[in-house]
Amino acid sequence: MSSSRPLVVLNPASGGGRAGRMAEPVKRVLERYLGAVDLCLTERPGHAIAMAREAAGAGRKLIIAVGGDGTLHEVANGVLESQADATIGYVGQGTGGDLRRTFGLPHRLDAYAEAIANGRERRVDVGRVRYVATDRTPGTRWFVNVLSVGLGGLVDRYVSESPRALGGKAAYFWASARALARFHRARVRCAVTLGDERHEVVLSTFMVAVCNGSFFGGGMHVAPMAHPDDGRFEVVSLDAPNKLAFAMTSRAIYSGGHLSATGAQHFACNAVAIDVEGDDGRDTFLLDVDGEALGGVPVEVELVPRALTLRI
């Protein structure tokens, strides 16, 4: 492999295995636009972090994530951990596609390749999150799109426990039903910083989303006002009188209509610390970071402005 070539980091499990089947076609199209590239397939969760960190540290200038939003999340973490000046490209082959929706990028292989080849670079903000991992040890990650705590994190955990034979949509439906049956909304304290202003927000909520991008959850337009390069997060909280009402409100997220629903709250911040009151709900009020299940509260989130360069 040559460090002067772009490195393509492909997650073959993305999109229910579609990314793996598309490995050679993706490589051929990228080489048509970029010239020779090196292709590496991930083998386990976290592998793309290690690959991107090593590649960026060795001087690779362009690293292309091929897979879902989770693959892009891992590649971004590897580049940021390396502290090297590497640019990230993206070819969406997952089931969610939320970050490309934020950037308005068509879901076509040639469109992804053209965006990378044109060299139009965009500096975007990222979030640095400190959290409690599932083994109760402290952890740190960066996120590019959306971090949420609450019901979505529990759904993520149950999806990860689902038999692979179920398939993506069936696993998500089963996990969502299971999570909603077990979940109870919590009383949440948010220590909010916006510029020089600091205050506390107390929420009764099913979910709190800290948004750098606009979409999450496979097309839910959770924060229409969010822009990933404006130096602020948009925080959206959703509450409802009961689980049925919350399920009905959740349907409106796809259109952005949830923001006018009773129980919806929104505020902006540069940093926020989130925790639940007492221990009730702590084992179910879990963390979703760019679609990845990482742990739970307490969590501290800080915006790092223009920390990542994307060709997207």
Worked verdict on Val37 versus Lys27 for side-chain contact (heavy atoms from CB on, under 4.5 Å): CA-CA 7 Å; Val37 302; Lys27 185 172 185 287; 4.0 Å; yes
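- Side chain of Asp288 to main chain of Leu147: no donor-acceptor pair is present (N/O by atom type, distance under 3.5 Å, no hydrogens or angles).
- When the shell of 6.0 Å around CD of Glu54 is examined, it contains 12 or fewer heavy atoms from other residues, nucleotides or ligands.
- Here the closest heavy-atom approach between residue Ala52 and residue Val79 is recorded as CB-N, 4.1 Å.
- Note: Asp230 CG to Asn212 CG = 7.5 Å, rounded to the nearest 0.5 Å.
- Counting heavy atoms from C-beta on, the side chains of Arg187 and Val202 come closer than 4.5 Å.
- Side-chain contact between Ile63 and Pro6 is absent, with no heavy atoms from C-beta onward closer than 4.5 Å.
- By the 6.0 Å contact criterion, CD on Glu197 is open, its count of non-hydrogen atoms from other residues, nucleotides or ligands being 12 or less.
- Following chains of ILVMFWY side-chain contacts shorter than 4.5 Å, one can reach Val289 starting from Tyr131, so the two form part of one hydrophobic cluster.
- Here the CD-NE2 distance, from Gln93 to His107, works out to 6.0 Å after rounding to the nearest 0.5 Å.
- Within the 4.5 Å cutoff, the side chain of Leu286 has no heavy atoms near those of the Leu151 side chain.
- Between atom SG of residue Cys269 and atom NE2 of residue His199 there is a gap of 8.5 Å, rounded to the nearest 0.5 Å.
- Atoms CG and CZ, from Asn145 and Arg101 in turn, are 10.5 Å apart once rounded to the nearest 0.5 Å.
- Counting only distance, with no hydrogens or angles, the side chain of Asp290 and the backbone of Val146 share a donor-acceptor pair below 3.5 Å.
- Within the 4.5 Å cutoff, side-chain heavy atoms of Val299 are placed close to those of Val149.
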side-chain contact (heavy atoms from CB on, under 4.5 Å) evaluation trace for Cys211 with Val222: CA-CA 8 Å; Cys211 305; Val222 61; 3.8 Å; yes
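- Taking the charged nitrogens against the carboxylate oxygens, Asp283 and Arg182 do have a contact shorter than 4.0 Å, which makes a salt bridge.
- At a threshold of 4.0 Å, the pair Arg185-Asp239 counts as salt-bridged, since one of the basic side-chain nitrogens sits closer than that to a carboxylate oxygen.
- Pro228 is listed as a side-chain neighbour of Thr102, based on a closest heavy-atom distance under 4.5 Å.
- Taking both residues in full, the closest heavy atoms of Ser214 and Ala226 are given as OG-O, 3.1 Å, listed atom of the first, atom of the second, then distance.
- Heavy atoms from other residues, nucleotides or ligands lying under 6.0 Å from CE of Met248 number 12 at most.
- For the pair Thr140 and Arg130, the tightest heavy-atom approach, listed with the atom from each and the gap, is OG1-CG, 3.9 Å.
- Annotation for Glu300 and Ala273: closest pair CG-CB, 4.1 Å, computed over non-hydrogen atoms.
- One N or O on the side chain of Glu74 and one on the backbone of Gly46 form a donor-acceptor pair closer than 3.5 Å.
- There is no side-chain donor-acceptor pair under 3.5 Å between Arg251 and His258.
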Criterion side-chain contact (heavy atoms from CB on, under 4.5 Å) on Leu30 and Ile116, from CA distance to verdict: CA-CA 9 Å; Leu30 288 174; Ile116 297 168; 4.2 Å; yes
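- Inspection of the Glu234 and His266 side chains reveals an N or O donor paired with an N or O acceptor under 3.5 Å.
- Between atom CG of residue Leu109 and atom CZ of residue Arg28 there is a gap of 10.0 Å, rounded to the nearest 0.5 Å.
- Side-chain atoms of Arg123 come within 3.5 Å of backbone atoms of Arg306 as a donor-acceptor pair (strictly under, hydrogens ignored).
- Counting heavy atoms from C-beta outward, Val297 and Arg282 have side chains that approach closer than 4.5 Å.
- At least one donor-acceptor pair under 3.5 Å links the side chain of Asn242 to the backbone N or O of Leu244.
- Heavy-atom minimum distance, Leu62 versus Ile88: CD1-C, 4.4 Å.
- When hydrophobic clusters are built by joining Ile, Leu, Val, Met, Phe, Trp and Tyr residues whose side-chain heavy atoms come closer than 4.5 Å, directly or via intermediates, Val235 is grouped together with Val276.
- Taking CD1 of Ile49 as the start and OG1 of Thr42 as the end, the distance is 11.0 Å to the nearest 0.5 Å.
- There is no path of hydrophobic side-chain contacts, each under 4.5 Å, that joins Leu287 to Val132.
- No more than 12 heavy atoms of other residues, nucleotides or ligands sit less than 6.0 Å from atom CZ of Arg18.
- Hydrophobic clustering (ILVMFWY, side-chain heavy atoms < 4.5 Å, transitive): Phe215 and Leu308 are in distinct clusters.
- Between Phe233 and Val272 the shortest side-chain heavy-atom distance does not fall below 4.5 Å.
- Under a 3.5 Å cut-off, the side chain of Thr137 and the backbone N or O of Ala133 do not form any donor-acceptor pair.
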Pair Val9-Ile64, side-chain contact (heavy atoms from CB on, under 4.5 Å): steps then yes or no: CA-CA 6 Å; Val9 177; Ile64 301 169; over 6 Å; no
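- Looking at Asp110 and Arg32, no side-chain N of the basic residue comes within less than 4.0 Å of a carboxylate O on the acidic one, giving no salt bridge.
- Side chain to side chain, Thr87 and Thr309 fail the donor-acceptor criterion of an N or O pair below 3.5 Å.
- Taking hydrophobic clusters as Ile, Leu, Val, Met, Phe, Trp and Tyr residues chained together by side-chain heavy-atom distances below 4.5 Å, Met22 shares a cluster with Leu7.
- A salt bridge links Asp38 to Arg5: at least one charged side-chain nitrogen sits closer than 4.0 Å to a carboxylate oxygen.
- Here the options are Arg232, Arg141, Arg128, the test is salt bridge (charged side-chain N to carboxylate O under 4.0 Å, His left out), and the partner is Glu302; only Arg128 passes.
- Looking at every heavy atom in both residues, Ser14 comes nearest to Thr71 through OG-OG1, 3.5 Å.
- Using bins of under 30°, 30° to 60° and over 60° for the plane-to-plane angle, the ring pair Tyr112/Tyr90 lands in the perpendicular bin.
- Taking a cutoff of 4.0 Å between a charged side-chain nitrogen and a carboxylate oxygen, Asp229 and Arg122 qualify as a salt bridge.
- Side-chain contact between Asp69 and Phe143: absent, with no pair of heavy atoms (C-beta onward) separated by less than 4.5 Å.
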